[in-house]
Amino acid sequence: MERKEIKMYSDYKSPFAYLAFDPAFALEQRFAVRVRWIPFQLRIKDRGQRSVYSDYKARYSYLDARRWAKPRGLWIRGPLKIYDTTPAAIGGLFAQKHGRLLDYGRLAFKQFFLREFEADQADAVAGLLNSIGLSGQEYLDYLAGEGRLAYDRCQEEAATDHVFGVPFFIFRGEPFWGYDRMPLLEQRLTEAGLVSSARAPAA
């Protein structure tokens, strides 16, 4: 059966993108699909630039994310500043190019939410890539040229797809925003007749 594409827009500073990362790629084992990871830069206002209600929402969102994370043994600590995760996102594109996106993504998310990874620092990204056996120097070269162009194309594609948050999935033109919408996405995949014959258990 031909594999159908699911787009997944993601940002390393989003706890819900973290929660969705492994389950999304696990869909490839259970359905005849291919997940295409695409970085998207969330634009988050800092304290003092947003309303008190936005602060309430942010605190609640982290509470909710921790409730989802705890049964899976994941640890989520809120970041201490607003991050421009462009260097980490381009690191993901570099790892994807070399067939190591899963390894990189898992480590980037884990270390970011343990406050052990500065996702806005190119040298920190290079060090993380070195730790999984990829070349940090090649990444820095990629960041300065081809990688930035690839990242910009991803942001343009996100604008075309009307992406406004992450994780954001698109299957056959239908959008699904949020980790908690993944059951609806799975329902669509089942309705499309894409269940694999040797279906693996859910992640």
Side-chain angles (χ1 to χ4, degrees), residues 5-31 33-44 54-89 91-93 95-96 100-120 124-125 128 132 154 158 161-171 174-190 199-203:
E5 180 180 89
I6 299 172
K7 294 184 183 182
M8 177 175 66
Y9 288 93
S10 185
D11 186 350
Y12 289 115
K13 63 177 169 281
S14 164
F16 292 101
Y18 181 18
L19 292 170
F21 188 73
D22 269 318
F25 283 102
L27 294 175
E28 296 181 337
Q29 308 304 315
R30 301 167 51 218
F31 299 93
V33 298
R34 179 178 64 85
V35 176
R36 180 159 73 93
W37 176 87
I38 308 169
F40 174 73
Q41 184 73 228
L42 288 176
R43 303 298 178 184
I44 301 174
S54 294
D55 286 336
Y56 295 161
K57 180 181 178 182
R59 286 197 293 269
Y60 176 81
S61 293
Y62 272 91
L63 169 66
D64 224 10
R66 291 184 185 106
R67 288 191 289 214
W68 287 104
K70 187 175 179 180
R72 291 172 53 187
L74 303 179
W75 187 263
I76 293 177
R77 302 177 70 188
L80 299 176
K81 67 177 185 180
I82 302 299
Y83 281 84
D84 177 343
T85 48
T86 301
L93 291 171
Q96 184 170 245
R100 300 293 300 280
L101 175 62
L102 283 174
D103 295 329
Y104 171 83
R106 287 167 178 158
L107 190 58
F109 275 122
K110 179 180 179 179
Q111 291 194 359
F112 180 80
F113 285 105
L114 289 174
R115 299 179 184 164
E116 296 174 352
F117 173 51
E118 295 296 311
D120 57 350
V125 176
L128 192 149
I132 62 169
C154 290
D161 285 336
H162 300 165
V163 176
F164 54 84
V166 294
F168 198 99
F169 301 91
I170 299 177
F171 173 64
E174 184 176 4
F176 302 83
W177 174 46
Y179 172 63
D180 58 346
R181 298 305 190 274
M182 291 189 71
L184 289 175
L185 172 59
E186 293 192 31
Q187 181 180 326
R188 289 292 186 276
L189 300 179
T190 300
R199 184 167 177 166

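The basis for the numbers below is simple: all heavy atoms, side chains too, and nothing from hydrogens, waters or symmetry mates.
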Rounded to the nearest 0.5 Å, what separation is found between the CZ atom of Phe31 and the CG atom of Leu189? 5.0 Å
Shortest non-hydrogen pair, Ala17 vs Val166, comes out as CB-CG2, 4.2 Å
Student check: side-chain heavy atoms of Ser61 and Phe16 closer than 4.5 Å: yes
Taken in chain and number order and not counting sequence neighbours, the residues that satisfy side-chain hydrogen bond (donor to acceptor under 3.5 Å, both in side chains) with Tyr9 are Asp161
Between the main-chain N or O of Asp11 and the side-chain N or O of Gln41, is there a donor-acceptor pair closer than 3.5 Å? no
Name all residues meeting the ring pair (Phe, Tyr, Trp, His ring centres under 6.0 Å) criterion together with Phe113; count only those two or more places apart in sequence or in a different chain, and write none if there are none. Tyr18
Sorted by chain and number, sequence neighbours left out, side-chain hydrogen bond (donor to acceptor under 3.5 Å, both in side chains) with Arg67 holds for Tyr60, Asp64
Results of side chain to side chain contact (heavy atoms under 4.5 Å, CB included) for Arg77 - residues two or more places apart only: Trp75, Arg115
What pairs with Ser10 under side-chain hydrogen bond (donor to acceptor under 3.5 Å, both in side chains), at least two apart in sequence or on another chain? none
Could I get the full list of ring pair (Phe, Tyr, Trp, His ring centres under 6.0 Å) partners for Phe25, not counting sequence neighbours? Phe21
Residues 174-185 vs salt bridge (Lys or Arg N to Asp or Glu O under 4.0 Å), sequence neighbours excluded, gives Glu174-Arg188
To the nearest 0.5 Å, what is the distance between CZ on Arg106 and CD1 on Ile132? 11.0 Å
Where do Leu27 and Val33 come nearest, in terms of heavy atoms and distance? O-CG2, 3.7 Å
Check this for me: Lys7, atom NZ, are more than 12 non-hydrogen atoms of other residues, nucleotides or ligands nearer than 6.0 Å? yes
If I compare all heavy atoms of Ala88 with all of Tyr104, which pair ends up nearest, and what's the gap? O-OH, 2.8 Å
Those residues at least two apart in sequence (or on a different chain) that pass side chain to side chain contact (heavy atoms under 4.5 Å, CB included) with Pro79 are Tyr62, Tyr83, Phe112
In Å, rounded to the nearest 0.5 Å, how long is the span from OG1 of Thr85 to CZ of Phe40? 10.0 Å
Can you sort out the partners of Gln96 under side chain to side chain contact (heavy atoms under 4.5 Å, CB included), two or more places apart, ordered by chain and number? Trp37, Leu93, Leu101
Please check this pair: side chain of Glu5 against backbone of Arg36, looking for a donor-acceptor N/O pair closer than 3.5 Å. no
Do the side chains of Lys81 and Asp120 get nearer than 4.5 Å, heavy atoms only? yes
Rounded to the nearest 0.5 angstrom, the CG-CG distance for Asp84 and Leu42 is 11.0 Å
Answer yes when Arg72 and Asp22 have at least one side-chain N-carboxylate O distance shorter than 4.0 Å, and no when they do not. no
Listed partners of Ala20 passing side chain to side chain contact (heavy atoms under 4.5 Å, CB included), at least two apart: Pro167, Phe169, Tyr179, Met182
Phe117: ring pair (Phe, Tyr, Trp, His ring centres under 6.0 Å) partners, not counting sequence neighbours: none
I'd like to check the ring pair (Phe, Tyr, Trp, His ring centres under 6.0 Å) partners of Phe176; sequence neighbours left out, ordered by chain and number. none
Using 0.5 Å steps for rounding, measure from the CD1 atom of Ile76 to the CG atom of Leu19. 4.5 Å
